[in-house]
Chemist: 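Below is a structure I'd like to ask you about.
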Amino acid sequence: MARANDEVAALFAEYADLISITGGDAFRARVYEKAARSIGGHHADVSRLDLKGLQEIPNVGRSIAEKIVEYLGTGRVSAVEELRARIPAGVRRLTAVPTLGPKKAMAVYQELGVSSIEELVDAIRDERLRDLKGFGPRTEQNILHGIALLRSSGDRVLIDAAMDVAESVVARLSTAAGCRRCAYAGSLRRGRETIGDVDVLAAADDSEPLMRAFTELPRTREVVAHGTTRTSIRTTEGLAVDLRVVPPDSWGAALQYFTGSKAHNIRTRERAVHQGLKLSEYGLFDAETGERIVSETEEEVYARLGLPWIPPPLREDRGEIEAGLRGELPELVRESDLRGDLHTHTDLTDGLAPLEQMAAAAAARGHAYYAITDHAPNLFMQRMTDERMLAQRERVRELDAEYGRRGARGGTRLLHGVELNIDPDGGVDWPDDFLAGFDLCVASVHSHFNQSRDAMTRRFLRACENPYVNIIGHPTTRVIGKRPGVDADLDALFAACARTGTALEINSHPDRLDLDDEHILRARRYGVKFAIDSDAHSTLHLAYLRYGVATAQRGWLAKDDVINAWPLTRLRRFLRKGRTG
DNA sequence: GCCGTTTTCGGCCCGACTGTTTTCAGTCG
C-alpha cells in the first residue's frame with residue numbers, strides 16, 4: 001500500500017486545490033498545501049501517531065490533525081467530500097495544465113461548463129474561450145501548449161511511483177506458494193524516467209497461486225486480463241501492472257526478453273539468427289533442431305550470443321552491443337559508490353527538516369560527506385540573508401566537529417554550501433569575497449526561463465567562468481510533464497564545464513532527473529564531471545539518489561565521472577577550481 | 001487554518017512575468 005503519509009498529503013493537496021478553485025480563502029488553501037508537504041516529507045508514519053503526535057508535525061494544528069484522524073478511521077474527510085461534491089473532478093484536473101490555474105479553471109467551468117481537458121480543447125477550437133473576461137488568443141495558445149506538454153508524458157508515471165508499486169508487488173508475490181523467483185523488468189528495470197506500465201516477472205512450476213495472489217493484492221482495483229501465463233491489473237493509483245509467470249528454467253531468457261528495450265531485443269535476436277539460433281522469452285534455441293541451448297540466466301543467454309552480460313540501463317541499442325563485443329562496456333557507477341550528497345536543503349529555506357535532522361539522516365545513510373546548500377537571497381521568497389547564512393555555517397561547523405569523528409569509517413563530514421541563483425546576466429547572489437566562505441557552490445537557474453537561446457547560453461557560460469561556482473544545478477530546469485527545459489546551446493555549456501572544472505548536476509528528484517540520460521551521454525564526450533545529488537527537501541528525499549544513479553547509468557557513467565563518488569580529498573581539490581588564494 | 005526571539009491576533013514566501021487590460025488578475029517559482 002502507499003504510505004499513509006502520502007495518501008494524507010495527496011488528500012490535503014486536493015483540498016487546497018478545491019479551496020482555491022471554489023474561491024475560498026487563499027491563506028487557508030496555502031495552509032493545507034504546506035501541511036500536505038510537511039506530512040509527505042515527515043519521517044514518522046502518521047497512521048501510528050495520535051492527535052498530539054500529529055500536531056507536532058510542522059504546519060499541522062488541531063483542525064488538520066483531527067482531519068487526519070478522521071481519514072485514518074473512516075477513509076474519508078467530510079470537509080473534503082463537501083467540496084468534492086461541488087466541483088467535478090475534471091475541473092481540478094484542468095489545473096494540471098501549465099498556465100491554467102484555479103481561477104481560470106473555475107471560469108471555464110462556470111461560464112462554459114467545461115470540466116475536462118477534452119472539452120477544453122473543443123472550446124478553444126470553437127473559439128468559445130476568447131469571449132471570457134481575461135482570456136484572449138495568447139491565453140488559448142498557452143493552454144494548448146500546456147496540454148501538449150501534459151500529453152507528451154501520456155499516461156506514463158514518474159519512476160518513483162512505479163517503483164513503489166513494483167517493489168511492493170514483488171515483495172508480496174515472492175512469498176506466494178511456489179514462487180521461485182520474482183523481479184520487475186521492463187522500462188523500470190532499465191531505469192527510464194517515466195514508466196508506461198509495470199512489468200513483473202515470476203518463475204514457478206504452477207502459475208495459479210501467483211496469479212491469484214496478484215489479482216488479490218490490496219492495491220488491485222481492476223483485473224484487466226487473467227490467464228495462466230499473463231495477468232494484467234490496474235492498481236488503485238490507476239497504474240497498469242502485468243505479471244508474467246514462466247517455468248523456472250526459462251527465467252533468464254524471459255527476464256532478458258521482458259526487460260527490453262524493443263530496439264535492444266531486435267539486435268540480440270538478429271545476432272541469434274546470424275548464429276543459426278532463435279531467441280525468445282523461453283530460451284535460446286537451435287533454429288534447425290529446435291533444441292533449447294540456454295535459458296536459465298541472462299548471463300548464459302548473452303554469453304551464448306558472444307556478449308558479456310549487459311546492464312539493463314544500457315539496453316537501448318545505443319552502442320551497447322558493439323561496446324560489449326569489443327569488451328568495452330563501462331563499469332557503471334552504482335549507488336553504493338556514492339560517498340556523499342552535494343545539494344540538499346533545510347528548513348532555513350524551503351526544506352522541511354532542520355539542519356540537525358538532515359545531518360543525522362545523512363550520517364545514518366553512511367555518507368562520508370554531506371553538503372547543506374540552502375537557497376541564496378535572490379530567490380526572494382526564501383528570505384535568505386547574509387546573517388542567517390553565516391549563522392547556519394557556524395552550526396554546520398559545530399555539527400561537523402561532532403559527526404566527523406563518529407563511527408568506524410571516519411564519520412560524516414559536513415560541508416557548508418549554497419544553491420546560488422544564476423541571474424539573467426549570468427551573475428550570482430554574492431560577490432567573490434562572500435562566496436569564498438563556502439565549501440562549495442551549486443548554481444541554478446530559477447527565473448527568466450524564456451530568455452533567447454543566445455542570452456541563455458551566455459548566462460550559463462558566465463556562471464561556469466565564476467571560480468566559485470562548482471556545480472550547475474538541474475541544468476535544463478525541466479519538470480517532467482510540466483515544463484520543458486530552457487533553450488540554450490548545451491554543447492557550449494558542456495564544453496565550458498569541462499574547460500572550467502564545473503560539474504553538471506544529475507538532479508535525482510523524480511520530477512526532474514536533470515540532466516537526463518541523453519544529455520549525459522552528450523556531455524560525457526566533452527570530459528565533463530557530474531554530481532549526482534538528491535536536492536533533498538526532507539530526510540526521505542535523500543533516498544532519491546537511486547533514481548539519479550539509474551539516470552547516470554543510462555548515460556554510461558562510471559565512478560570516476562562522478563565527483564561525489566570520489567574520496568573527500570579528491571573532491572576538495574576539484575572544488576578549489578580556479579580560485580586564487 | 002497555522003503560528004509566535006514582532007505571540008493568542010493578525011499576519012501569512014516575495015517578486016516578476018504574461019496577457020489582458022488601461023491599472024491589474026492570474027500564474028509561477
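Quick caveat, the model's predicted, so the values are computed rather than measured. Chain A is the first sequence line, chain B the second, and so forth, proteins listed ahead of strands; every chain is numbered from 1.
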Chemist: Name every donor-acceptor pair, under 3.5 Å, that has one atom in a side chain of residues 483-490 of chain A and the other anywhere in the protein, sequence neighbours excluded.
Modeler:
residue, atom, partner, partner atom, Å
A:R483, NE, A:T477, O, 3.0
A:R483, NH2, A:T477, O, 2.6
A:D487, OD1, A:R453, NH1, 2.8
A:D489, OD1, A:D491, N, 3.2
A:D489, OD1, A:A492, N, 3.1

Chemist: The criterion is side chain to side chain donor-acceptor pair (under 3.5 Å); which residues satisfy it with A:D386, sequence neighbours excluded?
Modeler: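 Expected list: A:W430.
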Chemist: Detail all sub-3.5 Å separations between protein N/O atoms and N/O atoms belonging to nucleotides 6-10 of chain B.
Modeler:
none

Chemist: Looking at residues at least two apart in the chain, or sitting in another chain, which of them share a salt bridge (Lys or Arg N to Asp or Glu O under 4.0 Å) with A:R92?
Modeler: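 Checked A:R92 against salt bridge (Lys or Arg N to Asp or Glu O under 4.0 Å); matches are A:D17.
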Chemist: Would you kindly give the CD-to-C1' distance between A:Q451 and B:dA16, to the nearest whole Å?
Modeler: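 Interatomic distance, CD of A:Q451 to C1' of B:dA16: 13 Å.
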Chemist: With heavy atoms under 4.0 Å as the rule, sort A:L379 into base, sugar-phosphate or nothing.
Modeler: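 Counting heavy atoms under 4.0 Å across all strands, no contact is made by A:L379.
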Chemist: Between B:dT5 and B:dC12, how far is it from one P atom to the other, in whole Å?
Modeler: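 The same atom, P, in both gives a distance of 16 Å.
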Chemist: Could you check which of B:dT27, B:dG29, B:dG1 has an atom nearest any side-chain atom of A:K67?
Modeler: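 From the listed options, B:dG1 comes nearest.
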Chemist: Does the side chain of A:Y71 come under 3.5 Å of the side chain of A:E7 through a donor N or O and an acceptor N or O?
Modeler: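 Side chains of A:Y71 and A:E7: pair found under 3.5 Å.
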Chemist: Once you round to the nearest 0.5 Å, how far does OG1 of A:T349 lie from CG of A:L379?
Modeler: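 Answer rounded to 0.5 Å: 8.5 Å.
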Chemist: Once salt bridge (Lys or Arg N to Asp or Glu O under 4.0 Å) is applied, do any residues pair with A:R459, and if so which ones, sequence neighbours excluded?
Modeler: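 For A:R459 there are no salt bridge (Lys or Arg N to Asp or Glu O under 4.0 Å) partners, ignoring immediate neighbours.
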Chemist: Nearest-Å distance, NZ (A:K482) to P (B:dC28)?
Modeler: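 It works out to 10 Å between those atoms.
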Chemist: Among B:dC3, B:dG29, B:dC13, which nucleotide has an atom closest to any side-chain atom of A:Q382?
Modeler: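 Nearest nucleotide to the side chain: B:dC13.
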Chemist: Using the P atom as the reference point in each nucleotide, state the distance between B:dT23 and B:dC28 in Å, no decimals.
Modeler: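 Taking atom P in both B:dT23 and B:dC28, they lie 26 Å apart.
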Chemist: When the P atoms of B:dT21 and B:dA25 are considered, how many whole Å apart are they?
Modeler: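 Their P atoms lie roughly 13 Å apart.
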Chemist: Are A:T346 and A:I372 side-chain neighbours, meaning at least one heavy-atom pair lies under 4.5 Å?
Modeler: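 Yes, side chains in contact.
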Chemist: A:R62: what forms a salt bridge (Lys or Arg N to Asp or Glu O under 4.0 Å) with it, not counting sequence neighbours?
Modeler: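 Salt bridge (Lys or Arg N to Asp or Glu O under 4.0 Å) check on A:R62 returns A:E66.
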Chemist: Could you work out the separation of B:dT8 and B:dG15 based on their C1' atoms and round it to a whole Å?
Modeler: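 Per the computed distance, 31 Å lies between those C1' atoms.
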Chemist: According to side chain to side chain donor-acceptor pair (under 3.5 Å), who are the partners of A:Q382, at least two apart in sequence or on a separate chain?
Modeler: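 Result, side chain to side chain donor-acceptor pair (under 3.5 Å) vs A:Q382: none returned.
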Chemist: Expressed as a whole number of Å, how far does the P atom of B:dT20 sit from that of B:dG26?
Modeler: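 That atom pair is separated by 14 Å.
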Chemist: Just checking, any donor-acceptor pair under 3.5 angstrom between side chains of A:T344 and A:Y370?
Modeler: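 Side-chain D/A pair, A:T344 to A:Y370: present.
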Chemist: Which protein N or O atoms sit under 3.5 Å from an N or O of nucleotides 17-25 of chain B?
Modeler:
residue, atom, partner, partner atom, Å
B:dC17, OP1, A:H448, NE2, 3.4
B:dG19, OP1, A:R138, NH2, 3.1
B:dG19, OP1, A:N142, ND2, 3.2
B:dG19, O3', A:T139, OG1, 3.2
B:dT20, OP1, A:G136, N, 2.8
B:dT20, OP1, A:G136, O, 3.0
B:dT20, OP1, A:P137, N, 3.2
B:dT20, OP1, A:R138, N, 3.2
B:dT20, OP1, A:T139, N, 3.1
B:dT20, OP1, A:T139, OG1, 2.8

Chemist: Calculate the interatomic distance between A:I57 atom CD1 and B:dC3 atom P; express it in whole Å.
Modeler: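 Going from CD1 in A:I57 over to P in B:dC3 covers 11 Å.
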Chemist: Which base, if any, makes a Watson-Crick or G-U wobble pair with B:dG29, both distances under 3.5 Å?
Modeler: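 Across all strands, the one nucleotide that pairs with B:dG29 is B:dC14.
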Chemist: Which ones in residues 91-101 of chain A lie close to DNA chain B, meaning a heavy atom under 4.0 Å from one of its atoms?
Modeler: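 Residues of residues 91-101 of chain A under 4.0 Å from DNA chain B: A:P98, A:T99, A:L100, A:G101.
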Chemist: Measure the distance from CG on A:N421 to P on B:dA16 and round it to the nearest whole Å.
Modeler: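 In whole Å, B:dA16 P lies 13 Å from A:N421 CG.
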Chemist: From CG of A:L51 over to P of B:dC2, roughly how many Å is that when rounded to an integer?
Modeler: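 That distance rounds to 11 Å.
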Chemist: Heavy atoms from C-beta onward define the side chain here; which of B:dG29, B:dG15, B:dT27 lies closest to that of A:F380?
Modeler: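 The listed nucleotide nearest to A:F380's side chain is B:dG15.
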Chemist: Need the glycosidic conformation of B:dT22: syn if within 90° of 0, anti if not. Which one?
Modeler: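 With its glycosidic angle more than 90° from zero, B:dT22 counts as anti.
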Chemist: Cation-pi between A:K104 and A:F135: NZ/CZ under 6.0 Å from ring centre and within 45° of the ring axis?
Modeler: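 Yes, a cation-pi geometry holds between A:K104 and A:F135.
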Chemist: If you take any heavy atom closer than 4.0 Å to DNA chain B, which residues from residues 16-39 of chain A end up in contact?
Modeler: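 The stretch gives A:D25, A:F27, A:R28, A:R30, A:V31, A:Y32, A:K34 as the residues lying under 4.0 Å from the strand, ordered by number.
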Chemist: Grab the CG-P distance between A:D423 and B:dA16 for me, whole Å please.
Modeler: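 Answer to the nearest Å: 13 Å.
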Chemist: How far does the P atom of B:dA16 sit from the matching atom of B:dT6, given to the nearest Å?
Modeler: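 To the nearest whole Å, 26 Å.
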Chemist: Could I get the full list of side chain to side chain donor-acceptor pair (under 3.5 Å) partners for A:H343, not counting sequence neighbours?
Modeler: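 Only A:H345, A:E419, A:E505, A:D535 meet the side chain to side chain donor-acceptor pair (under 3.5 Å) criterion with A:H343.
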Chemist: Specify the separation, in whole Å, of atom CZ of A:R483 and atom P of B:dT27.
Modeler: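 About 17 Å, once rounded to whole Å.
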Chemist: To the nearest Å, give me how far apart CZ (A:R62) and C1' (B:dC3) are.
Modeler: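 After rounding, the reported distance stands at 16 Å.
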Chemist: Taking atom types as modelled, find out whether A:K34 and A:S38 have a side-chain donor-acceptor pair closer than 3.5 angstrom.
Modeler: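 Their side chains do not contain a donor-acceptor pair, so the 3.5 Å distance test is not met.
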Chemist: In chain order, what residues pass the ring pair (Phe, Tyr, Trp, His ring centres under 6.0 Å) check against A:Y544, with sequence neighbours excluded?
Modeler: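 Checked A:Y544 against ring pair (Phe, Tyr, Trp, His ring centres under 6.0 Å); matches are A:H509, A:H541.
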Chemist: May I ask you to decide if the ring planes of A:H375 and A:H446 are parallel, tilted or perpendicular, using 30° and 60° as cut-offs?
Modeler: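 Perpendicular.
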